[in-house]
Amino acid sequence: MAEKKYLKSVTIPVSTFENVMKQFDQAAARLNIDQGLLEFLKYPRRSTIVKLPVKMDDGTYKMFTGYRVQHSIVRGPAKGGIRYHPDVDLDEVQALAAWMTWKCAVVNIPFGGGKGGIACDPATMSKGEMERLTRRYTATLYDMFGPESDIPAPDVNTNEETMAWIMDTYSMHARHTVTSVVTGKPLVLAGSLGRREATGAGVVIAVREALNHLKIDPHKATAAVQGFGNVGSVSALYLQRLGIKVTHVCDVFGGLFNPDGIDIEKLINYVKEHRRIAGFPGAKECDRNDIIYADADILVPAALENQITEENARDIKARIIAEGANGPVTPDADPILKERDIFVIPDILCNAGGVTVSYFEWVQNRLGYYWTAEEVNVRLERFMTSAFHDILKAAQENGVHMRLAAFMVAIQRVADVVQLRGIYA
Ligand code: NAD
């Protein structure tokens, strides 16, 4: 198992997929589902590794390794983003694919779970190299992708432009334009209004419901946000719009702190120009590693997985952890957080706004008819609040924390579909 460096400057061997399996087992133990069926639901249906040669700008050839995992297609096509990062490996992609299955079931959209990734360092590559890598990846996995079978979306270090390259490459091979093969596309290329903001918007809907449940006034609350990319920046902006003071933020290069609240709109404009938060005049600089220990009511981890572990869970000061990222809290940390009465909104609920609006995008592509921003947002609001209250109700009825409840609800929903469909012999 590769060793990965995480925030607290500790180096620990982490299997993210083992973490998901632990989460699955804890929930499955409380459900009355056949053991064989549970095995079927637990593991990915298909994991593919591909070699991707790319001609670099200097004329040399470089080999990259790409992954695509379909965890489940029981409830519909595999759905999930594509990550570009030096640490991408099969273990991580399998974990992220499994979380997608449970996430789609939590928000009750008709998708299974999938995820993809390429081990690469986008910071050291030109735009042309990124485009050639993306097109080679799409062409190599052409048979796996499709609007009815497997639909990618953006994740860490991929964006609307990447999705446009995927859509174009797939369409060139299909010999006609296929918009619904990928979501998170630019608006002019059949994207959906509200998709770019959807994950952060969903995080803040979940935070609002949690504050309401815990009877905390947003106007008296403070927040710290780890990560200032798509999810982190939009979460911070929407938290501020809800009246919450965002006192701490960080990205991979550094942290910012202002006890009076950071002006997030100004910070977003600053980042557009400087590509990082460091140097922003409206706050003091601090160590990025301190952000998760910030003295704030709400903590939004919105960077990478395995940030809050059994080693540091006792040092967290927040009352609410809203998981913008996938897997930021390890299974060993969960009981400590529960014992400390910290309310965790689990990733498979908290960041499900992104896949929900991806579903809306796919629906609009297939209809060939496009919704207004208001129509998208009203529907997102409906899906997120109803999922939040389904999970809260299950947590209260079963006397378990929100993650366990979310897994229980999700596994049961997928199992119900398998039982009705039956196993084709
Ligand atoms: P992104 O690439 O847009 O942003 C990632 C941010 O995290 C950047 O600001 C980066 O500087 C920061 N970061 C990276 N490593 C860090 C570290 N060690 N410490 C502090 N900051 C660090 O990615 P994103 O799309 O915002 O995704 C963030 C997380 O949210 C991932 O876990 C992803 O799987 C999850 N997620 C994304 C979406 C989506 O729609 N984009 C949906 C659901 C979940």
Side-chain angles (χ1 to χ4, degrees), residues 4-10 16 79-88 92-93 95-97 99-100 102-104 106-107 113 115-117 121-123 152-163 183-185 191-192 194-203 206 224-237 248-256 267-268 271-272 274-278 286-292 294 299-308 322-329 346-359 361 380 384:
K4 293 185 179 181
K5 273 206 180 295
Y6 292 102
L7 270 189
K8 216 185 167 187
S9 306
V10 278
T16 308
K79 184 83 191 82
I82 295 177
R83 177 174 293 195
Y84 290 175
H85 194 277
D87 287 346
V88 164
E92 180 180 67
V93 179
L96 292 163
W99 277 319
M100 288 307 297
W102 312 124
K103 191 180 301 183
C104 292
V106 162
V107 274
K115 203 82 181 191
D121 186 1
D155 192 73
V156 174
N157 290 325
T158 57
N159 55 24
E160 292 180 354
E161 188 175 47
T162 327
M163 300 306 113
T183 60
K185 299 181 292 292
S192 174
R195 172 60 186 91
R196 194 184 302 163
E197 301 82 11
T199 308
V203 166
V225 181
Q226 182 202 43
F228 206 73
N230 175 289
V231 181
S233 65
V234 178
S235 297
L237 183 66
H248 300 72
V249 299
C250 73
D251 63 12
V252 71
F253 305 108
L256 291 179
L267 180 58
I268 288 174
V271 170
K272 270 185 201 149
H274 298 87
R275 302 175 68 87
R276 59 184 66 193
I277 62 174
C286 63
D287 190 328
R288 70 161 201 209
N289 294 345
D290 292 342
I291 298 301
I292 53 171
L299 171 65
V300 183
L304 295 171
E305 52 266 23
N306 303 321
Q307 302 299 302
I308 300 169
E323 295 185 340
N326 289 306
V329 174
D347 46 10
I348 58 173
L349 165 64
C350 193
N351 69 37
V355 76
T356 302
V357 178
S358 274
Y359 164 55
E361 182 175 331
L380 173 64
M384 283 302 298

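Atoms within a ligand are numbered from 1 in the order they appear, just like the ligands themselves.
Here Tyr359 pairs with nothing under the side chain to side chain donor-acceptor pair (under 3.5 Å) rule; sequence neighbours left out. Every salt bridge (charged side-chain N to carboxylate O under 4.0 Å, His left out) that Lys115 has, sequence neighbours left out, goes to Asp155.
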- Do Thr199 and Val234 pass the side-chain contact (heavy atoms from CB on, under 4.5 Å) test, and can you show the C-alpha distance, the side-chain angles, and the key distance before you say yes or no? CA-CA 8 Å; Thr199 308; Val234 178; over 6 Å; no
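Remark: the backbone N or O of Ile82 is paired with a side-chain donor or acceptor of Thr158 at under 3.5 angstrom. For the pair Asp347 (side chain) and Pro328 (backbone), a donor-acceptor distance under 3.5 Å is absent. Looking only at distances, a side-chain donor or acceptor of Arg288 sits under 3.5 Å from a matching main-chain atom of Val252. A donor-acceptor contact shorter than 3.5 Å links the side chain of Asp251 to the backbone of Gly254.
Of the polar atoms of Ala303, at least one N or O is found under 3.5 Å from an N or O of ligand 1, judged by distance alone. Residue-to-ligand polar distances keep Gly232 apart from ligand 1: every N/O pair is separated by 3.5 Å or more. Remark: ligand 1 and Leu304 share no N or O pair separated by less than 3.5 Å (distance only, no angle test). An N or O contact shorter than 3.5 Å links Arg83 to ligand 1 by distance. Inclusion of Asn326 in the set of residues having an N or O under 3.5 Å from an N or O of ligand 1 is warranted. For ligand 1, none of its N or O atoms has an N or O atom of Pro154 under 3.5 Å away.
Closest to atom 33 (C) of ligand 1 by heavy atom, among Leu96, Asp155, Asp251, Asp87, is Asp155. Atom 25 (O) of ligand 1 has its nearest heavy-atom neighbour, among Asp347, Ile292, Asn230, Val203, in Asn230.
With a 4.0 Å heavy-atom cut-off, ligand 1 is reached by no atom of Arg276. Proximity of Ala302 to ligand 1, defined as any heavy-atom pair under 4.0 Å, is confined to the backbone N, CA, C and O atoms. In Arg195, the part holding a heavy atom less than 4.0 Å from any atom of ligand 1 is the side chain. The part of Thr199 lying near ligand 1 is the side chain, judged by heavy-atom distances below 4.0 Å.
For ligand 1, the atoms sitting less than 4.0 Å from at least one non-hydrogen atom of Val156 are 2 (O), 23 (O), 27 (O), 31 (C), numbered in the order shown with element in parentheses. Taking a cut-off of under 4.0 Å to the non-hydrogen atoms of Ala325, the atoms of ligand 1 that pass are 29 (C), 30 (O), 32 (O), 35 (C). Using a 4.0 Å cut-off to heavy atoms of Arg288, the atoms of ligand 1 that qualify are 18 (N), 19 (N). The distance from ligand 1 to the heavy atoms of Cys250 drops below 4.0 Å at these ligand atoms: 20 (C).
Scanning both residues, Gly227 and Ala303, for their nearest heavy atoms gives CA-CB, 4.2 Å. Nearest heavy-atom pair, Gln307 versus Ile292, reported as atom, atom and distance to 0.1 Å: O-CD1, 3.7 Å. Heavy-atom minimum distance, Arg195 versus Val357: CA-CG1, 3.6 Å.
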